[in-house]
Every structure is written in structure tokens, then in C-alpha cells.
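Within every chain, numbering begins at 1; the chains are lettered A, B, ... in the order of the sequence lines, protein sequences first and strands thereafter.
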There are 2 protein chains.
Amino acid sequence: MPETYYVVSMETHDLLVKRAYLKRGYNADEAAAGARFCSSAAYYGIRTHNAIKALHLDELFGSKVGRWKPGARIEKIKSRFAAAEIWNANFKLGQAVAYEAMDTCMKLADQYGVGMVSVDNATHYLWGGGYVMDAALKGYLAYTNCTSATSEVVPFGGKTPTMGTNPHSWAFPTQEAVGFPIVIDWATSTVAMGRVQVLKREGKLLPPNSAVDAEGNLTNDPNQAVALLPFGAHKGYGLGLIDELYAAYIGGGLPQLRGTALGDPGEKRASTFFFQVIHPDALNGNGFANHRTQRQNVKAILADILGHGNEKCILPGQPEANSGALSKQHGGLLFTKAEVEELNHLAAEISEPPWNPVNFKTVQI
Amino acid sequence: MPETYYVVSMETHDLLVKRAYLKRGYNADEAAAGARFCSSAAYYGIRTHNAIKALHLDELFGSKVGRWKPGARIEKIKSRFAAAEIWNANFKLGQAVAYEAMDTCMKLADQYGVGMVSVDNATHYLWGGGYVMDAALKGYLAYTNCTSATSEVVPFGGKTPTMGTNPHSWAFPTQEAVGFPIVIDWATSTVAMGRVQVLKREGKLLPPNSAVDAEGNLTNDPNQAVALLPFGAHKGYGLGLIDELYAAYIGGGLPQLRGTALGDPGEKRASTFFFQVIHPDALNGNGFANHRTQRQNVKAILADILGHGNEKCILPGQPEANSGALSKQHGGLLFTKAEVEELNHLAAEISEPPWNPVNFKTVQI
């Protein structure tokens, strides 16, 4: 059944989001990065990580509780390595840090073929796919991982959650080949804890092998589920460990204490970020079959994978591209009525008149 | 039930393997790399990728059919990037190329913090975990991926195998923290085609969601299975795509034709390799809690993950470490009777007297 969406111009949206960040004490650059990120998430249909979530996280973990530091300055740690920077983000807004880190990685990749930025004392960057997609749209291969704000995942074979849902995000500049960048972006748990809550409200069961109860036993009852399992058994467990290991080398603290006030007060509580960008020329062996260029080769290989009866397969990044096409077609960001109401809480927070839905064009999708 | 293993000294093993490679036309350096690799696989209990498999692959795809080129020289492609090398391996023995690429990555990482080598016209490197483990034992974070020799995996939602089982291998220098390097190393298919053959012989069923029949329908009957599925649905599919994309940027050909003589003769048929090494100092934010050093922080984080009731969990790399400890304890490489017989085919090939099992010490494990 089609749903009604309100078309909100980016300008209108961004102004509200910027003012909300400014009101909470963030500076102009941070507010701009925050708005840019929320716009991008909404544009590409990432409804779980739009402005509502971003500002809500800031309430739960951020400036409202004194953990994220508006106006904080990034401190670059001395390093003897030309292609790698290490930053102490000092709890600066994650979106601002992530955009700047990705820009730095691209500059390093222009010079060295590959560049990376490791970030300690990080906050939350919400949707890693957004940053790597942005770099891919500029022509680069990009990757990021981070540790989640809290630990909700049980190591394979265990019973206590001591790992985050730890996402990985990769993007490839395939827009000339298939019309959009391929973006591979997911958490390493089978489902998100948010999904468990939704299924609980809806009275539905969890997928198999996705959660454990308080005793560490498998359960598909969302009312019993207290912790998540990695996807793909030992393979997803390994992928989740990678984020914890990067954090361990960068400067992260004990995973079980992350995002909590429990235990030894001398322990650290924040996430870490890792970013890496590769210039496509730094991979180019220049020996493509049938005189293809590198871009033509990427196109030919993707056509081969999705040929031969596989025409109905979709590529990772296609759903985001489809949402982006809808946003473009309708000339703005698409929000449901419930989302407009949520965004109006922000308007109230900054003492502005609420958006009146009748002022927005509506579309049925 | 314990099985009997014959303890073969590395010297005895390596001499046989070297001579087999030399007999097939490989030069001394290639034969040494080939033997080093097979020793390492046997030492760490990687029974699927020891000398028997290595020399068998060389028969199927390699020097015996004229595809791999003994004595080939690696050609370094001109690149403007200091931290990235691009090699045309000219079908040189994969193990020799992989060791050299990893050495180069470590040197680049010493200088730039991160180094990478992309390899076109590659053969087969067998067990990616071996190369990254080796770099981790030397103190680095290492990663490799490659495209498999043939395409056996159906993209998520498709019916025709147009992707390889495309493995990923990561290793971390955690030996001081947990006694061994963490090695995360697996193919992106749910099972290997070799596993399908074993289950067929044993009259057993495949795990759910691991294979499709000739019509592209799910099957758990190994007799009906003609192609594999990615592990973890769309997530494993994305991970398998990553290898195909690296190949596409490096110089690989159409996946469906890889390892075959089908289709357009102008298309390429070989795999590609990608290697990357990071120096741990290039991640080090130097702000570890409770005055821990970076190594102490890695140890504390891993202890936290495997604490709190998770003591029975194992870390990726633990099984390899356990096998290595057994090899060390018994003073040699452990082979079953069937494996000794297989290795004696190599002795026959090089006109040497076969190994007599009575000359080897035996152990029950």
C-alpha cells in the first residue's frame, strides 16, 4: 500500500537541523556538517539515521549529557608516517570529524595511493555508508569501520555481550559502470537492537540465530532477547572483532564499558573510527582485456556478474540510489507524517514555529 | 577417536616439495617459496592447502597445463604513488609472488604507515591466512583478498554462479596479548565446493542456504548442488563482490570465464591478488586508559571480550595456533597415512624412493 510522504526542501530541512545543533552549542562548522549528513541520509532513504536519530543520539549520548563536546578541536597526534594520520577527536561531533577524515584520506590517497585516518575519542558517525559513498562519488574506493556506542553482541560461542554491533562500510566508484556507487554497509550483528524492539511491538519473532536470552541461550522471542549474535556465525564474529581490534590499536577502552558509566572510572568509554581511501589509479595494472579502460573493465565485470540469469540481483547501494532518484524526482527530502511530527520537536526546541504539513507537497510512494 | 599421525621433519618435507617444483620447471626461488608455504600450511594444520593440494593445483591449473609460468618475472607497473605498487605477475607461482608482495607491503608500511601491492595475472596463493599470519608474526596488521580460480558462487538472489568463493584474510599482531596472531580467514561462500564433494561421498546433507541446483533453486542435497551461495545472505554477497571489484580495478577479466577456456579468446582468465599491510604505530593514538601501552591495551580489550562468561569462546587463529603447538611439540609436520601416500606420488614423480612410514615417529592425536 502506498504511503504518503511530505516533500521538504533541503534548504528548509538543513536550516532546522543547523539551528538545532547551534542551539545545543555546536559551532557553525559542526552544525553545517550535521545538517549535511542528515540531508544525505534522508536523500538516500536511510530512515534509521536521519535528523531525528542524529539529534536523538545527541540527547542520549551527546551534548545533552556532556559527553560530546560542541566546539571541540581535533588534535593531530604526531606520526612518522606520511600516508597515515592519527587524530584525537576530543569528542567533537562525529559527522564533522568523519567528513574531515574522509577529505584527509582522499588527499593522502591522491599523493600516496592510499591514505588513512584513525580517530580516538570519537563520538558516533551514524551511517558509515554516507561517508564512503561520498568518497566514491568523488572517484575513490573508500572504507570505514568504527566501534558501536555500546556492546550488544555476544562473541560466537559466548553468552555475554562484550562487542558492539560494529559496522563496516565499503564503497566503490562504480557510478559510470552501473549508475551509482556500490556501497556495502552493514552491522556485524544479525539484526539491530532497534529491530528487536520493532518486532517486540509488533508481536513478531526474531529471525533464527539472531539473539540470546539472559542465560546466553538462543531465543527468537524478542521479549526474551537481551543480546545479539553476530551474523554468519564465526565469520561475522571475526568481522566484529576487526572493529574491536582497530579500536584496541587506536586507543579504545574495554568494550563492555563502552557507552556506560560502569566499572573503573579510569577506563575510556568512547568509540573509535577508522577511515581509509584508495585512489583507483593506485590499483590499475593497465592490462585490461579487449582494450578496455579501467572503468570499462569495472562495467564489464559487473555486467558479467549480473548476467546469465542473474538479472534480478541487485547490487549493494542500489536501494540507496533508488531513494536518491526519488528525492531528486520530487525535488526534496521525503518524510512521513510521523517524521514531520518528530522534526517539529526540534522546531519547538529552538522556539521556531512548527512545520505545517499542508505547506509541503505530498507524494504517494 | 584418536588418529595416527606421522611426524615428518620440515627438512625432509621441504626437500621433497622443492624437488617436485624444480622438476616441474620452477626456479630455485620459486621452489623455496613453494616449500616454505607448504611447510607453513602443514605446521598450522591447514590440511586442505598443504603440499598435496599445492602440487595438485599446479597439475590442474598450473605448469602442467601451461598456464602458470615457471621462472616468470614480476613486472612492476609504473605508478605515481609511493605507498602502492602494482605488479604484473606474469603467471609466476602464487606463493612466491604472495611472500614477495607481503614483504614489499611491510617495507612500504614501515615508511608510509600503510603499504599495498596489487597483482594482475596472478595464479593461486592457496591459503591467504598464511601470508597475513606471517606479517602479523612480524608485528604488522595485514590483509589480503583474491579472486578464486573459478566462479562457483551465485550472487544473492540469482541462479548462475558468476563469482568466485573469493576469500578475505586479515591478521593482527596479537601474539603478546593472547599467544598467537588473530587470523580471520575464510571464503565468502557458505561452504567450499570441496565440502560438497565430501558430503556427497558421505551421503550427508548440506547445511541450509548453502547451495543451489541447476535451476537456481535452493538445495541441501549435495548430488543436486551445482553452485554455492554466499554466507550471510546479502552481507556475504557484498564481501564476495569486494574481491571481484578489486579484480576489476586491477585488471581481472570476466568472472564467469575465470579459469576456463570458454567464450571470447581475447578475455583474461587469471585471478588477481590484493595485499595491504598497516604498521601498528600508524594507528596509535597514544591515549590508552590506565597508562596501558598499545600492546597492553590490545590484551586488555581481548580479555574483556573473552571474559564475563565468554571464556569458552575461541579467537580466530586459535585452531591454527593449536596445530602449530602440536607440530612444535612433536618436532615436525604431522601427516596421516593417506597423506604420506599422496606425498609419495610426488616422490615417484621426481624418481626418488618413497618415504617409508616406518621411518617416521608416530603420534596419536
Is there a donor-acceptor pair under 3.5 Å between the side chain of A:D304 and the backbone N or O of B:Q256? yes
Against chain A, label B:Q111 side chain, backbone, both or neither, depending on which of its atoms sit under 4.5 Å from a heavy atom there. backbone
If you tally heavy-atom pairs under 4.5 Å between each of A:K312, A:H291, A:M116 and chain B, the highest tally belongs to A:M116
Do you know which of A:L257, A:I242, A:D185 has the most heavy-atom pairs with chain B at a distance under 4.5 angstrom? A:I242
To the nearest 0.5 angstrom, please state how far the CG atom of B:L239 sits from the NE2 atom of A:H168. 8.5 Å
Any sub-3.5 Å donor-acceptor pair from B:K235's side-chain atoms to A:A187's backbone N or O? yes
Of all heavy-atom pairs linking A:G236 and B:F231, the shortest is N-CE1, 4.4 Å
Does the B:N286 side chain pair with the main chain of A:I77, one donor and one acceptor, at a distance under 3.5 Å? no
Considering only heavy atoms, which portion of B:E75 lies under 4.5 Å from any heavy atom of chain A: side chain, backbone, both, or neither? neither
For the candidates B:G216, B:G252, B:P280, B:A233, which exhibits the highest count of non-hydrogen atom pairs separated by less than 4.5 Å from chain A? B:G252
Can you classify the ring geometry of B:F81 versus A:H279 as parallel (below 30°), tilted (30 to 60°) or perpendicular (above 60°)? tilted
Look at A:G232, A:A84, A:G317, A:A83 and state which one has the largest set of heavy-atom pairs under 4.5 Å with chain B. A:A83
Which one of A:W87, A:F156, A:F274, A:F288 has the most heavy-atom pairs closer than 4.5 Å to chain B? A:F288
Residue B:L283 versus chain A: region with a heavy atom under 4.5 Å: both
Stepwise salt bridge (charged side-chain N to carboxylate O under 4.0 Å, His left out) check, B:E311 with A:K159: CA-CA 9 Å; B:E311 290 75 10; A:K159 63 182 207 180; over 6 Å; no
When the 4.5 angstrom heavy-atom criterion is applied to B:P230 and chain A, the contacting part is neither
Parallel, tilted or perpendicular: rings of B:Y249 and A:F172 (30°, 60°): parallel
Determine whether B:I305 and A:L254 satisfy the following criterion, side-chain contact (heavy atoms from CB on, under 4.5 Å), listing intermediate values before the conclusion. CA-CA 8 Å; B:I305 292 171; A:L254 304 181; over 6 Å; no
Name the option with the most non-hydrogen atom pairs under 4.5 Å to chain A; the candidates are B:L315, B:V154, B:N121, B:L108. B:L315
Working note: B:T162 + A:N310, criterion side chain to side chain donor-acceptor pair (under 3.5 Å); need CA distance, chi angles, decisive distance, verdict. CA-CA 9 Å; B:T162 53; A:N310 296 334; 3.2 Å; yes
Is A:W186 close to B:H234 at the side-chain level, that is, under 4.5 Å between some pair of heavy atoms? yes
Do B:I250 and A:N284 have side chains that get closer than 4.5 Å, going by heavy atoms? no
Whether A:T160 side chain and B:H308 backbone form a donor-acceptor pair below 3.5 Å: yes
Can you tell me which of B:D281, B:V117, B:N88, B:L241 forms the most heavy-atom pairs within a distance under 4.5 Å of chain A? B:D281
Distance from A:Y143 atom OH to B:Q276 atom CD, nearest 0.5 Å? 10.0 Å
Heavy-atom pair count under 4.5 Å with chain B, highest-scoring of A:I184, A:I86, A:L302, A:I182: A:I86
Which region of B:T174, side chain (C-beta onward) or backbone (N, CA, C, O), has a non-hydrogen atom less than 4.5 Å from a non-hydrogen atom of chain A, or is it both or neither? both
If every non-hydrogen atom of B:A247 is compared with every non-hydrogen atom of A:N297, which pair is closest and at what distance? O-ND2, 4.3 Å
Heavy-atom pair count under 4.5 Å with chain A, highest-scoring of B:I278, B:D110, B:L141: B:I278
Name the region of B:R295, side chain, backbone, both or neither, that has any atom closer than 4.5 Å to a heavy atom of chain A. neither
With chain A, the option among B:L306, B:I314, B:D120 that has the most non-hydrogen atom pairs under 4.5 Å is B:I314
Report which part of A:D264 has an atom under 4.5 Å of a heavy atom belonging to chain B: side chain, backbone, both, or neither. side chain
What residue in B:A109, B:P161, B:A289, B:G157 has the most heavy-atom pairs under 4.5 Å with chain A? B:A289
Under a 4.5 Å heavy-atom cut-off, does chain B meet the side chain of A:P208, its backbone, both or neither? neither
